[in-house]
Amino acid sequence: MSSPCLFSRRFAALPQAFYSYVTPQPLDNTRWVVWNSELACQFELPSNAPNGELKQILSGEQISQDAPPLAMKYAGHQFGAYNPDLGDGRGVLLGELTNQTNDVFDLHLKGAGLTPYSRMGDGRAVLRSTIREYLCSEAMAGLGIPTTRSLGMLVSDTPVYREKCEQGALLLRLARSHIRFGHFEHFFYTNQLTHLQQLADKVIEWYWPDCLESEKPYLRMFEHIVSRTAEMIAQWQACGFAHGVMNTDNMSIIGETFDYGPFGFLDDYEPGYICNHSDYQGRYAFDQQPRIALWNLSALAHSLSPLIEREDLEASLANFEPLLVKTFSRLMRQKLGLYNKQKVDTQLFSAMFELLHQHQIDYTRFMRELSSVDQGGINGVLDLFIDRAEASHWLEQYLARCEQEVDETGHQVSCQARCEKMRQVNPKYILRNYLAQIAIDKAEQGDFSEVQTLAELLKRPFDEQAEMSAYANLPPDWGKKMEISCSS
Ligand code: AMP
Ligand code: MG
């Protein structure tokens with residue numbers, strides 16, 4: 001069936017070497033699990049989950065002959081080894097949509113069937129993993145962390161076989177870009193240097209036109225990529241997010257958190273936390289993420305070497321760590337309410353991380369309790385510890401340091417003013433893996449209410465939402481440090 005065109009088509013204007021046209025294979029009896037009204041409205045789409053023709057277009061059941069969906073070609077380093085055979089193996093780019101502020105977004109449909117890049121896969125996505133991606137991308141957006149977004153999710157009666165038989169689902173993903181580090185790697189390793197340059201030109205045109213004012217536009221582009229990546233990773237580390245599969249094909253060129261799989265938020269503060277069940281070596285452990293991001297940027301730099309001089313690439317890579325440390329320190333200062341820099345602060349910060357690690361204290365809860373000492377005093381913090389003495393010792397030092405904080409006018413910052421600001425950066429609610437699991441278990445029984453509840457809750461993670469406080473509780477024993485299967 002053919003339909004009028006809803007989308008603009010800028011990626012499709014590139015040569016065929018960049019993608020393959022694909023006809024989505026519809027799923028049986030699709031129905032909405034959740035529709036993101038707020039996001040839909042930004043694109044002047046209906047606020048209620050659409051039916052009729054629009055639903056058919058969005059679920060890949062009806063396509064425009066003028067604008068057939070396409071699967072992008074890319075490659076990538078997976079767990080450190082180069083794989084030339086990647087690409088959208090189960091997703092298609094439906095086209096681009098423009099929002100009310102004139103920003104262009106890709107609309108990608110995940111789970112739409114086989115493509116030329118499916119390899120041994122079936123082209124499908126299961127309900128379980130689709131719920132996880134939907135909820136986490138929206139939770140990250142709520143936290144203010146750069147991320148792809150989710151417009152909606154559909155479930156179907158099509159069986160999909162993983163470790164067991166599951167329900168096939170579809171995710172509608174919106175992103176400023178679906179271009180990955182691996183796009184550049186593909187053209188470099190296949191020696192298609194004209195296309196490599198063409199891709200860089202498009203990245204500059206679409207995302208960073210300011211590069212054209214530079215004497216070295218491609219270098220300027222790479223500098224943008226380095227700084228965006230550093231900022232994203234600093235935000236992950238500050239909020240306790242572990243991605244789980246930082247392969248270069250899962251790294252967005254514009255530094256958005258991308259391709260949610262076996263991710264996890266820290267419960268107890270455990271720097272070596274590995275959320276991915278298949279990551280036997282801990283390559284993608286929480287505390288390895290900064291190092292791996294630099295590794296990935298170096299892989300990208302190698303692929304950009306035909307366009308940028310080696311010394312320039314090296315100098316740019318050398319900026320990564322200082323940029324990351326600077327952003328991370330700024331974020332931690334905000335989290336602790338300490339804006340006036342003092343030498344002792346570094347020691348105070350490391351003592352805090354050490355304390356949390358040694359006593360296995362829940363990271364999110366600790367930071368939130370620390371942000372609430374104006375309301376319930378220090379007991380909320382101390383109650384998290386079995387050994388309160390060491391915690392008291394750190395807390396005394398911290399509170400004494402807080403008393404030295406002054407605002408722009410030179411006045412001492414009150415405890416209440418500090419805490420109010422801290423509560424705007426220390427979330428009460430995060431998407432703990434056990435919460436996602438409860439929502440998945442219900443959804444697999446046909447009850448989507450918990451998915452919808454979490455989606456709403458996590459939009460405003462910093463607000464008290466007192467009636468929802470149970471969602472801020474510590475995880476039950478079965479839900480701690482969950483390792484998530486890669487199957488999706
Ligand atoms: P991911 O682990 O989801 O980042 O995917 C890595 C690569 O495998 C990408 O090229 C995906 O498109 C592809 N892929 C993952 N799952 C499937 C599947 N069920 N069917 C086809 N391709 C898949
Ligand atoms: Mg991927």
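Residues: numbered from 1 along the sequence shown. When a ligand or atom number is given, it counts from 1 through the structure's own listing order. Because the structure is a prediction, the values reported are computed rather than measured.
- The Mg ion (ligand 2) has an N, O or S atom of Asp259 under 2.8 Å away, backbone or side chain.
- Contact annotation for atom 5 (O) of ligand 1: protein absent (non-hydrogen atoms, distance under 4.0 Å).
- Counting the atoms of ligand 1 from 1 in the order shown, those under 4.0 Å from a heavy atom of Arg119 are 7 (C), 8 (O), 13 (C).
- One option in Gly89, Gly87, Gly113, Gly261 has a heavy atom closer to atom 22 (N) of ligand 1 than any other, and that option is Gly89.
- When only modelled atom types and interatomic distance are considered, Glu138 and Asn36 share a side-chain donor-acceptor pair under 3.5 Å.
- Every atom of ligand 1 is numbered from 1 in the order shown, and the set under 4.0 Å from a heavy atom of Asp259 is 4 (O).
- Within ligand 1, counting atoms from 1 as listed, the ones closer than 4.0 Å to a heavy atom of Asp88 are 12 (O).
- Ring planes of Tyr82 and Tyr189: tilted class, angle from 30 to 60°.
- In this structure, a donor-acceptor pair under 3.5 Å is present between the side chains of Ser487 and Glu163.
- Under a 3.5 Å cut-off, the side chain of Lys55 and the backbone N or O of Thr30 do form a donor-acceptor pair.
- For atom 20 (N) of ligand 1, the closest heavy atom belonging to the protein is Gly123 N, 2.9 Å.
- Contact annotation: for Arg124 versus ligand 1, heavy atoms closer than 4.0 Å belong to the backbone alone.
- Looking at Asp441 and Gln437, their side chains do bring a donor and an acceptor atom within 3.5 Å of each other.
- Side-chain atoms of Gln167 and Glu444 form no donor-acceptor pair, as typed in the model, at a separation below 3.5 Å.
- Taking the ring centroids of His243 and Phe263, they lie at or beyond the 6.0 Å cut-off.
- Residue contacts with ligand 1, taken as heavy atom pairs separated by less than 4.0 Å, involve Asn250 solely via side-chain atoms from C-beta onward.
- The presence of a protein heavy atom under 4.0 Å from atom 12 (O) of ligand 1 is confirmed.
- Note on ligand 1: Met120 sits outside its first shell, no heavy atom being nearer than 4.0 Å.
- Taking 2.8 Å as the threshold, Asn247 does not count as a candidate ligand of the Mg ion (ligand 2), since none of its N, O or S atoms lies below it.
- The nearest non-hydrogen atom to atom 19 (N) of ligand 1, considering only Asp122, Leu86, Thr115, comes from Asp122.
- Side-chain contact between Ser227 and Phe320 is absent, with no heavy-atom pair separated by less than 4.5 Å.
- Remark: atom 2 (O) of ligand 1 lies closer than 4.0 Å to no protein heavy atom.
- Within the 4.5 Å cutoff, no side-chain heavy atoms of Asp268 are placed close to those of Arg365.
- A donor atom on one side chain and an acceptor atom on the other are found under 3.5 Å apart for Thr257 and Trp236.
- Contact annotation: for Arg162 versus ligand 1, heavy atoms closer than 4.0 Å belong to the side chain alone.
- Nearest protein neighbour of atom 14 (N) of ligand 1, counting heavy atoms only, is Arg90 NE, 4.2 Å.
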